[in-house]
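This report concerns only the one structure given below.
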Amino acid sequence: MHILEGEGVTKYFGGLAAVSNVDFYVEQGEVVGLIGPNGAGKTTLFNLISAALVPKPGIIKYKGKNITRKKPHQICRIGIARTFQTVKIFANMPVLQNVLAGSFFGTSPGMSSTDATREALESLEFVGLSDLAATPAGDLTLANQKRLEVARALATRPELLLLDELMAGLNHTEIAESMELVKRIRDRGVTVVMIEHVMKAIMNVCDRIIVLHHGQKIAEGTPQEIATSKTVIEVYLGEQTNAGS
Amino acid sequence: AEEEPAPAPAPAPAPEPAAPIKDSIVIGASRPLTGAQAPIGDAALGPMMQLWEQKVNADGGIYVEEYGKKLPIEFLIYDDATDVGTMVRLTEKLILEDKVDILFSSCGTSFISAQAPIANKYGMVLITAEGGAVTMRDSLPGLPYTFVSLSFSDHYELPVFADMCAAEGAKTAYIISIADLHGVEYGGVGNMEFARVGIEVIANKSVPITYTDFSLLVKEAKAANPDVFCVFAYPPIVLPVTGEMMALGFNPPAVIMGPGANFGFYGVSFGGDPAVVEGVSCFATANKDTSPAFAEHFTALEELVGWPNSDWWGTPLYAPIMDIWVEAIEATGTLDQDVIRDYIATHHFDTILGDTWFEMFGDGGGLMAKETHTGEIGQWQNGTMEIVGGGDWPATVLTSDWIYPKPDWPTP
Amino acid sequence: MPESIVTILDVAIGGLLLGSIYALIAMGLSLQYGVARVLNIAHGEFIMIGAFCTLTLYTVVGINPLVCLAIVGPVIFVIGFLIQRTLFTKLRTSAPNQAAYEGSSMLATFGFMFIIQNIALIAWGADYQAYTYLNFGVNIGGAIFSANKLVILGFSIGIGVGFYTFLARTRMGKGIRSAAQDATTASLMGVNINHVLALCFGFGAAMAGMAGVLYSMRITLNPFMGLQYTVIAIIIIVLGGLGSIPGAFLGGLILGLIGEIVTKIDPSLSLAAHYFMFLPLILVRPKGIFGK
Amino acid sequence: MLEVNNINTFYGRIQALWDVCLKIEEGEIAALIGANGAGKSTLLNTISGVIHPTSGSITFLGQRIDGLPPHSIVELGISHIPEGRKLFTDMSVRENLEMGAYSSRVWKQKQETLEQVYQLFPVLKERAKQLARTLSGGEQQMVAMGRGLMSRPKLCIIDEPSNGLAPKLVTEVFEKIKSLREQGITILLIEQNVRHTLEIADHACVLENGRIALEGDCDELLKSDHIRKAYLGL
Amino acid sequence: MNITAFTFKKSLVPGLLLVILVALVTLPIYGSLYNVILVTSILMYANLTVSWVLFSGSTGYMSLATAAFFGIGIYASALFLPTTGAVFPVLVVVLIGGLASSLVALGVGALTLRLRGIYFAIFTFVLVVLIMELGIWWELSVSHLLGRYVILVDNNVIFYTMLGIFVLVMLTTFFIRRSKFGLAMRSIGENEEAASHIGINVTMVKVITFAISAFFMGATGAIWATKLTYVDPHVAFNVLFSFMPVLMAIFGGMGNIYGPVIGAALFAYLQETLQTEFPEIYMISFGFILVAVILYLPNGVLGLIQKLWKRISGGKRAHT
Ligand SMILES: Nc1ncnc2c1ncn2[C@@H]1O[C@H](COP(=O)(O)OP(=O)(O)OP(=O)(O)O)[C@@H](O)[C@H]1O
Ligand SMILES: Nc1ncnc2c1ncn2[C@@H]1O[C@H](COP(=O)(O)OP(=O)(O)OP(=O)(O)O)[C@@H](O)[C@H]1O
Ligand SMILES: [Mg+2]
Ligand SMILES: [Mg+2]
């Protein structure tokens, strides 16, 4: 079943078509990679899905229902969570409270505070931040801040998770840990769409990859198909594909 | 409410002596020493308080029988920073905490409107100064302790002025008024009074209080070519409007402006020579020629301030306030506010204005009787303020004839 | 010329005349807030000081108000420069973040407002004061304007354009603009941040001072007249887009024009009109006309 | 050329650098590697004067520079290309580049320098009038580097230039860095892309928890177990 | 030792609060009438400041609309508590004032709370002036009544009403801060975009909080009007009342809910002292004190107190 579907999704900024007539779908339970050169429109597409921006024209459907007109918090409440390319944590709040906000207001807003706390602690445990629960979020390292964003998103109990450059700026070890994390998220039954420039991660984790360029979808397929696609190599990967290592 | 809480056991203070000991009469006032109204306070009642203190204390003070001696006066002045809420609180502090013997008025119509009920509530006599309004008169019946000294539109000046204009054959009037209590009242009463004498009011324009550019308004007024041009606003508007009239060569036969044109600073604001504003009319009560007493009074004020920045409208009406207090206290022999209130309400006083009394509103407060006024309308002539119009009662002293039409502004 | 055209001229030129002084005031604040991040509540007080100095220099010493521009401008510049250099530099370096700095510096300018008003009160007294200069009519195509108004227009536009050129063309100007966008990075480019911010505050204050010099020919002065100009300036810089100097300039002219048009219709609504047009505009274009 | 001796740097009460020493020879590419939050950017900021060390000394070409404000350090010939590009977003590409030449030492020659930068990054010449904000990530990185070169630095400090760039651009950026060294500019490079970095650098330091953990020539470091395990994942 | 210190501190705060509350409630019994009046005006400032912090402190939106909401409350009294005509019970009018303000806040908030940063601040500031100008226009052209009188109310009644509002606003702040709603507000203050993407209906939270804060400002204005006795638009909508709460909050420190109260109390007291003891230099000394506080007490008075407290308690620990 298609958990998420887009038809003719388009977004202009002034005269610039950041996303232009893109059709896409995401299957329940899969991990989809979204790649493309800088400025290709990947983040913009995430913004459209999560209703930070409204497509014009175009339709986005979640579980068959049109969600184009919804507000960001409604999108979250129906089960789509996201992280951000530049981390947007609540820097002056302790780590636990960051996540607690997610569990309080996510897909089950009526939750009691004990349940919400349990949920939050569990999310922290899942990403491995339990020890830092009382630290102000702003004091975390970048890698941990990114994990915190994932924990906060997971605490909303999503069915679909959008990860925007989770691995940018992380070193090798941290990238490996993050890949592991994505796999574990998938194993919980959460569908994942991830934007990433780190090819190793994309190739290893994703079931399917969508490539954007100048706002248009230029390729789509399995990692092998993408890695060998002439167009993708030309516009994105370059001759040496070891870049992400 | 009672007195302060008893402090922790400590050496007992000396017991209060039973016999009343009093070294001075404290006069309290909450005044706008700072803020938007500071300029008005500074030009009108401010210097007079200093003058009174000097004058009364030079005599050794006021004789109060219940203390059996003359008591010098002493002012206790707080700064309300031109905020009504602060003024109200400070007034209550003066009454309750400082227990002043005499309360003096705050500055500005809205301030007085707020202060009068408070003073009344605590039974303090309040003789108001800078400010007066038709609405004040309407509330006087419920304010037995309030006595209004400054004149206001329908009771005093505008009927006189309308008659003067009609007598000269003026046919049309053009009014600009400021969007506050003062402007609205004078604008409204202007409409009525001019209508009464058959002068058509061709426009009545209201401008915001902080407005600064008047070319268009003056141009429109000029285009309408009225016989009488009225500006019921404060100095920040009156002065630029005058400047604009000069620049645009707008010379209606009669021009009345105020408050603003009634101050000494008005005359010197256009190049330093007050002859420039020849023929501008305003509200004014007396000048040095009105009587020897006024000559002495204005001269003393000029010496105090350093230059003749007098308020020819307000000063003559505030000047009796201190005389009334002195006379009332010495006659009753007490500082008791109820006794004094009744005395003021029922007696005539011999003041700088001559025979002075308040016209009472039943059991309520009083309004300085217009029959005591020495004049209502003034006009700049040869650099001095001449009193050119007043009611037809004996007190009126006109010092000059009204010049109609006003001479053209001098060309630069 | 036909009556209607004269009326249009009256309103249009009158509006520009009023707007030009607004523009000058707003450009000063735009520099102070747009670059130095100080929302200077005491901005109007510098106008007041400029006006009072001119009054004294003209009426007592006999110096032509236009010459006063060249005296008062630099003096107030130095005062502004020193204030920023000493006080705000300390605040800026000790503030934990930008928002805290903006808050505390605004609060400090509030304190300045009181201090400057009081100094003026001591120096010039609370009285209303005024003088006139070039107060005679000049006929432009049938519409008459007082000469001082035209002089104000000329000088305001001259100062505004000169300043814009300075910012756009010179090295210092570029340094100022870059500091407006990112102070730390600008310092990595070799911009002496403290110096540049002090320059901005100084220039902003000087522009207010010069506006005061010019406008003093037409208004009544008193030590408490400043705040109303600060309010207008704040509205204009938001209208024009924060930190945008041309925006502030145009915003000022537009506000002046609107004020004049509404005055023609109903003067009592002229100030309300400023706010009325401001509100929908800021809702439609939250970043102002020139905001990005 | 640059000598950092026993630097200690604090953010408020938190110490970010502990007794850090670093030496850079003229004409080399020195690399600084380390995990997130190790203190790499802090070290660069300390060198360029954005933050001041509480103790220790920094000398550049024999002159003490710790304690100098950033603008004076730029004058001496150190150019810092900060993490995250930090462009003047509302200025055009050309104006951004010109800002790089702000220091009085080079302002007069900015036209010449500009031509040189355009040669290095031809795409910037095409985009000269475009606002920096509207550039793609890769282009922005080029502007940042170009701007850093506009001050004709002797030492160029570059903080994570490949962060968030598409793979193709990453390769390009490393090529450009190499070509800078060929022009005689000394480079101090921070990167998470450790392999690539060690391949082009001459000398490297590893910073861990604010302390120098390891340093040496890149060929040797590439063989070191610690590096291979912690940073190359081998 | 740690535990005793903990329980000591835990019981200290509510205990202290209770003492203060009792002291306030019984003030009219032991204090002079003027003390009651002075405390009333301090409470007025405290109400405005705490209400301001309730919204602006946590969401990070700097509202300068305080004077507008306060003024609407004042005007409500002028309309419903005139000296002549129908007079409602004071408490009803206080309620009306609060509700009217929060209604306006709902409307304005829904429209403008998407503006961020200084734009919002200035928008709200302009709102004050606009409402004032409209008020003047209305009174001039429609009601032809510029200047309205409000009935005099006994000072103790005003005091207790003000105190009641104060207790309510403190309790509201306290409970909101601890609730899920408070968490949402803080999240918005930290990062609004992220907050909306984790399911927080940011518009609703902001608008509701804005309305709650406006309610208390309006209620405070409604009872304050009975002290003013005379009301016109210039009196009711004084822009200084938009700045005062901000200044007082910063002055006191916004770290916890007592800071603003301390700020308001000290600030008001300082003002009163200067205005009465040194009226000639009131302004200049007020200005210098403001600047000095900003320079030397960056975290407000509360920050200073906390620092001293830490030093004292830290010193104690060192001994044991
Ligand atoms: N708010 C905006 N206003 C104007 N242009 C925008 C805006 N947001 C994005 N753009 C432009 O839209 C294009 C697509 O941007 P987007 O952020 O989606 O790229 P991306 O694929 O995520 O790139 P990267 O890999 O560098 O993050 C870019 O050219 C960008 O400059
Ligand atoms: N402005 C600051 N205030 C307080 N602490 C800071 C600040 N900047 C950095 N830190 C802390 O200092 C330490 C070193 O940070 P630094 O930015 O130098 O690391 P880095 O090695 O450059 O990491 P990255 O790879 O993420 O860029 C980190 O723990 C960080 O949280
Ligand atoms: Mg992106
Ligand atoms: Mg770094």
Side-chain angles (χ1 to χ4, degrees), chain A residues 46-47 49-53 70-84 86-94 96-113 116-117 120 123 136-138 145 148-149 151-158 161-162 164, chain E residues 2 6 53 56-62 109-117 174-210 249-250 253-257 259 298-300 302-303 306:
Chain A
F46 267 23
N47 285 339
I49 298 171
S50 63
L53 298 170
K70 288 200 185 300
K71 292 266 152 46
H73 69 274
Q74 294 171 321
I75 296 287
C76 173
R77 287 182 188 176
I78 58 172
I80 304 178
R82 70 171 292 185
T83 67
F84 300 89
T86 43
V87 284
K88 294 189 159 76
I89 48 161
F90 306 139
N92 298 311
M93 284 159 50
L96 178 62
Q97 291 218 0
N98 270 262
V99 186
L100 203 54
S103 55
F104 259 135
F105 292 96
T107 48
S108 31
M111 209 183 265
S112 78
S113 78
T117 314
S123 285
Q145 291 185 351
L148 173 57
E149 276 210 336
R152 189 177 63 188
L154 285 177
T156 67
R157 297 165 159 251
L161 181 60
L162 311 175
D164 195 349
Chain E
N2 251 340
F6 184 65
V53 172
S56 295
S58 46
T59 59
Y61 279 78
M62 179 156 112
L111 256 173
T112 64
L113 274 166
R114 62 199 178 79
L115 298 173
R116 284 240 53 150
F174 182 75
F175 284 113
I176 285 188
R177 279 199 177 213
R178 301 190 45 167
S179 73
K180 172 179 157 179
F181 199 74
L183 184 64
M185 278 161 57
R186 245 171 308 143
S187 304
I188 292 171
E190 291 277 340
N191 192 313
E192 186 165 343
E193 201 183 340
S196 74
H197 285 290
I198 57 170
I200 296 172
N201 186 346
V202 291
T203 316
M204 197 192 72
V205 171
K206 287 187 297 187
V207 171
I208 289 183
T209 322
F210 197 47
I250 299 178
M254 288 193 277
N256 66 33
I257 80 176
N299 297 318
L302 188 75
Q306 282 169 340

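Letters A, B, ... mirror the listed sequences (proteins, then strands); counts begin at 1. Everything numeric in this text was worked out from a predicted model, so none of it was measured.
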Where is the tightest heavy-atom contact between [X] and [Y], given as atom of each residue plus distance?
X        : Y        : value
E/Ala184 : A/Phe105 : CB-CZ, 3.5 Å
E/Leu183 : A/Gln97  : CD1-OE1, 3.3 Å
A/Arg77  : E/Asn201 : NH2-N, 3.9 Å
A/Phe90  : E/Ala194 : CE2-CB, 3.9 Å
E/Asn191 : A/Ile89  : CB-O, 4.2 Å

(message) Evaluate E/Val202 against A/His73 for side chain to side chain contact (heavy atoms under 4.5 Å, CB included), listing each step before the verdict.
(response) CA-CA 8 Å; E/Val202 291; A/His73 69 274; 5.9 Å; no
(request) Determine whether A/Pro72 and E/His197 make a side-chain contact, defined as any pair of heavy atoms from C-beta on separated by less than 4.5 Å. (result) yes
(message) Could you measure the distance from the CD1 atom of E/Ile198 to the CG atom of A/Leu154? Nearest 0.5 Å is fine.
(response) 12.5 Å
(request) Find the distance between CZ (A/Arg152) and OG (E/Ser187) and round it off to the nearest 0.5 Å. (result) 8.0 Å
(message) Between E/Glu190 (side chain only) and A/Asn92 (backbone N and O only), is there a donor and an acceptor less than 3.5 Å apart?
(response) yes
Using non-hydrogen atoms and a 4.5 Å limit, figure out which bit of [X] sits close to chain E: side chain, backbone, both or neither.
X        : value
A/Ala101 : both
A/Ser50  : both
A/Phe104 : both

(request) Flag yes if more than 12 heavy atoms outside A/Lys71 fall under 6.0 Å of its NZ atom; otherwise flag no. (result) no
